Amino acid sequence: MKFFLDTANLDELKKGASWGIVDGVTTNPTLIAKEGRPIEEQIRLICDIVDGDISAEVVSTETSAMIEEGKRLARIHKNIVVKCPLTRDGIRATAALSKSGIRVNVTLCFTAGQALLAAKAGAYIISPFVGRLDDVGYTGMDLVRSITQIYKNYNFKTQVLAASLRSPTHVIDSALAGAHIGTMPFKVLDMLFNHPLTDKGLDQFLKDYAKAFQETPVAG
Ligand code: E4P
C-alpha cells in the first residue's frame with residue numbers, strides 16, 4: 001500500500017519525507033488555500049520535497065476550462081496528477097486528459113457507481129472519501145471495499161486511493177480492503193508509530209543494557 005500525505009504544508013511534508021515512507025501527496029483547494037501561496041508556486045515547492053505522485057486539483061467547473069487548467073497544472077512537474085471532481089464535466093475532462101496522456105485523480109467519490117464512471121473514463125486514481133461518509137452516518141470503508149472488488153472483477157487499472165482518512169484504524173482498514181493508496185493528514189501518519197508497549201519495551205532494553213555495562217546509551 002502506498003502512503004500519501006494529505007497536506008500542502010511544507011514543514012509537515014519535510015518531516016514525513018524524512019521518515020522515508022511517503023510515496024506521494026494529495027492536495028485540494030482547501031489545503032492549498034491554507035498555505036497562502038498561489039497553487040503553481042506551492043505545488044512546485046511540494047515537488048521539491050516528495051518524489052512521487054503529487055495531486056493538484058482544478059478549480060474550474062466546466063469541461064474545457066478544466067482541461068485547460070489540468071494541462072497547465074500538469075506542466076508544473078512530471079509527477080503531477082491532475083485532480084478533477086466527480087461531476088459530468090469532471091468525467092468528460094478526465095476522459096480527455098487521460099486520452100492525452102495526463103494522469104487524473106477523480107475526487108469527491110461517494111458511491112461505487114461514481115467510481116465505475118471514473119474507471120470508464122480512464123482515471124489513474126479514484127478517491128473515495130471515507131471520513132466524510134462516516135460523518136453523515138454511513139460506513140465509509142464499505143465504499144472502499146466495494147470499489148476494490150468491482151475494479152478487480154473487471155481488471156480496471158484505476159488505483160483506489162482511500163481519502164478523508166481520520167485515524168490509524170482507517171489506514172489499517174483501507175489496507176485490509178485492498179486500497180492501493182491511503183492518503184492521510186500528517187497527524188494520522190504520526191499516530192501510526194505509537195504503541196505504549198513499544199515505548200515500555202525500549203525503555204526496559206536500554207535500562208538492562210546500561211545496568212550490565214555500567215553506561216548510559218545515547219538516546220536516538
Ligand atoms: C484528498 O484527496 C481529499 O481531498 C482529502 O482526503 C479530504 O479529506 P477531509 O475529508 O478530511 O477534508
Side-chain angles (χ1 to χ4, degrees), residues 1-86 89-109 115 118-128 151 155-163 165 174 179-186 189:
M1 187 198 206
K2 285 185 234 165
F3 274 13
F4 284 10
L5 271 176
D6 198 19
T7 180
N9 182 274
L10 304 182
D11 291 334
E12 290 183 344
L13 289 167
K14 279 180 198 155
K15 212 165 176 186
S18 76
W19 290 332
I21 51 168
V22 173
D23 303 299
V25 179
T26 48
T27 67
N28 60 37
T30 305
L31 294 172
I32 292 288
K34 262 194 212 164
E35 302 308 315
R37 282 195 194 91
I39 183 163
E40 281 84 0
E41 210 181 302
Q42 192 68 17
I43 291 289
R44 211 166 284 128
L45 292 169
I46 292 172
C47 290
D48 288 340
I49 299 170
V50 176
D51 184 20
D53 291 344
I54 313 292
S55 286
E57 188 161 341
V58 300
V59 288
S60 307
T61 54
E62 184 273 320
T63 303
S64 53
M66 281 177 172
I67 294 172
E68 202 181 302
E69 197 185 341
K71 285 184 175 166
R72 210 170 51 241
L73 290 171
R75 275 196 292 271
I76 296 175
H77 194 277
K78 65 175 173 41
N79 288 346
I80 298 301
V81 176
V82 173
K83 232 170 155 188
C84 291
L86 215 155
D89 282 80
I91 288 296
R92 258 197 302 265
T94 298
L97 288 167
S98 301
K99 246 179 227 135
S100 74
I102 292 174
R103 299 172 307 159
V104 179
N105 172 356
V106 176
T107 190
L108 291 167
C109 172
K120 300 279 298 171
Y124 174 66
I125 287 173
I126 183 69
S127 290
Y151 282 8
N155 232 348
F156 282 122
K157 297 282 170 279
T158 308
Q159 297 178 77
V160 181
L161 182 155
L165 301 183
S174 301
H180 303 89
I181 308 160
T183 193
M184 62 205 85
F186 177 80
L189 180 66

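The structure presented is a predicted model; accordingly, all values stated were derived computationally and were not measured.
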Using atom types as modelled and distance alone, determine if a side-chain donor or acceptor of [X] lies under 3.5 Å from a backbone N or O of [Y].
| X | Y | answer |
| --- | --- | --- |
| Thr7 | Asn9 | yes |
| Gln42 | Ile32 | no |
| Ser100 | Leu97 | yes |
| His180 | Val160 | yes |
| Thr63 | Asp89 | yes |
| Asn105 | Val81 | no |
| Glu35 | Arg37 | no |

Rounded at 0.5 Å granularity, tell me how far [atom1] in [X] sits from [atom2] in [Y].
| X | Y | atom1 | atom2 | value |
| --- | --- | --- | --- | --- |
| Lys71 | Ile102 | NZ | CD1 | 6.5 Å |
| Asp53 | Thr183 | CG | OG1 | 11.0 Å |
| Asp23 | Lys2 | CG | NZ | 7.0 Å |
| Ile91 | Lys120 | CD1 | NZ | 12.0 Å |
| Ser64 | Arg92 | OG | CZ | 9.5 Å |
| Lys83 | Leu161 | NZ | CG | 8.0 Å |

Check whether any side-chain heavy atom of [X] lies under 4.5 Å from a side-chain heavy atom of [Y], and answer yes or no.
| X | Y | answer |
| --- | --- | --- |
| Leu13 | Phe186 | no |
| Phe4 | Met184 | no |
| Asp51 | Asn79 | yes |
| His77 | Ile54 | no |
| Ile43 | Leu73 | no |

- Query: Among side-chain atoms of Thr26 and Ser55, is any donor-acceptor pair under 3.5 angstrom?
  - Reply: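 Judged by distance alone, the side chains do not pair up.
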- Item | Verdict with reasoning, Leu189 to Leu5, per side chain to side chain contact (heavy atoms under 4.5 Å, CB included) | CA-CA 8 Å; Leu189 180 66; Leu5 271 176; 3.8 Å; yes
- Among Val104, Thr94, Val58, find the residue that satisfies the side-chain contact (heavy atoms from CB on, under 4.5 Å) test when tested with Met66.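 Going through Val104, Thr94, Val58 one by one, the side-chain contact (heavy atoms from CB on, under 4.5 Å) with Met66 is satisfied by Val58 alone.
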Minimum heavy-atom distance between [X] and [Y], given as atom pair plus value:
| X | Y | answer |
| --- | --- | --- |
| Leu108 | Pro85 | CD1-CB, 4.2 Å |
| Met1 | Ser174 | CE-CB, 3.6 Å |
| Pro29 | Val59 | CG-CG1, 3.8 Å |
| Ala115 | Leu86 | N-CD1, 4.4 Å |
| Pro185 | Asp6 | N-CB, 3.8 Å |
| Ala96 | Ile67 | CB-CD1, 3.6 Å |

- Query: How are the rings of Phe156 and Tyr151 set relative to one another: parallel (under 30°), tilted (30 to 60°) or perpendicular (over 60°)?
  - Reply: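 Rings of Phe156 and Tyr151: perpendicular, as their planes differ by over 60°.
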- Verify the neighbour count for atom CD of Glu40: are there more than 12 heavy atoms of other residues, nucleotides or ligands below 6.0 Å? yes
- Within a reach of under 6.0 Å around CG of Asp48, are more than 12 heavy atoms found that belong to other residues, nucleotides or ligands? yes
- Stepwise side chain to side chain contact (heavy atoms under 4.5 Å, CB included) check, Leu10 with Ile49: CA-CA 8 Å; Leu10 304 182; Ile49 299 170; 3.8 Å; yes
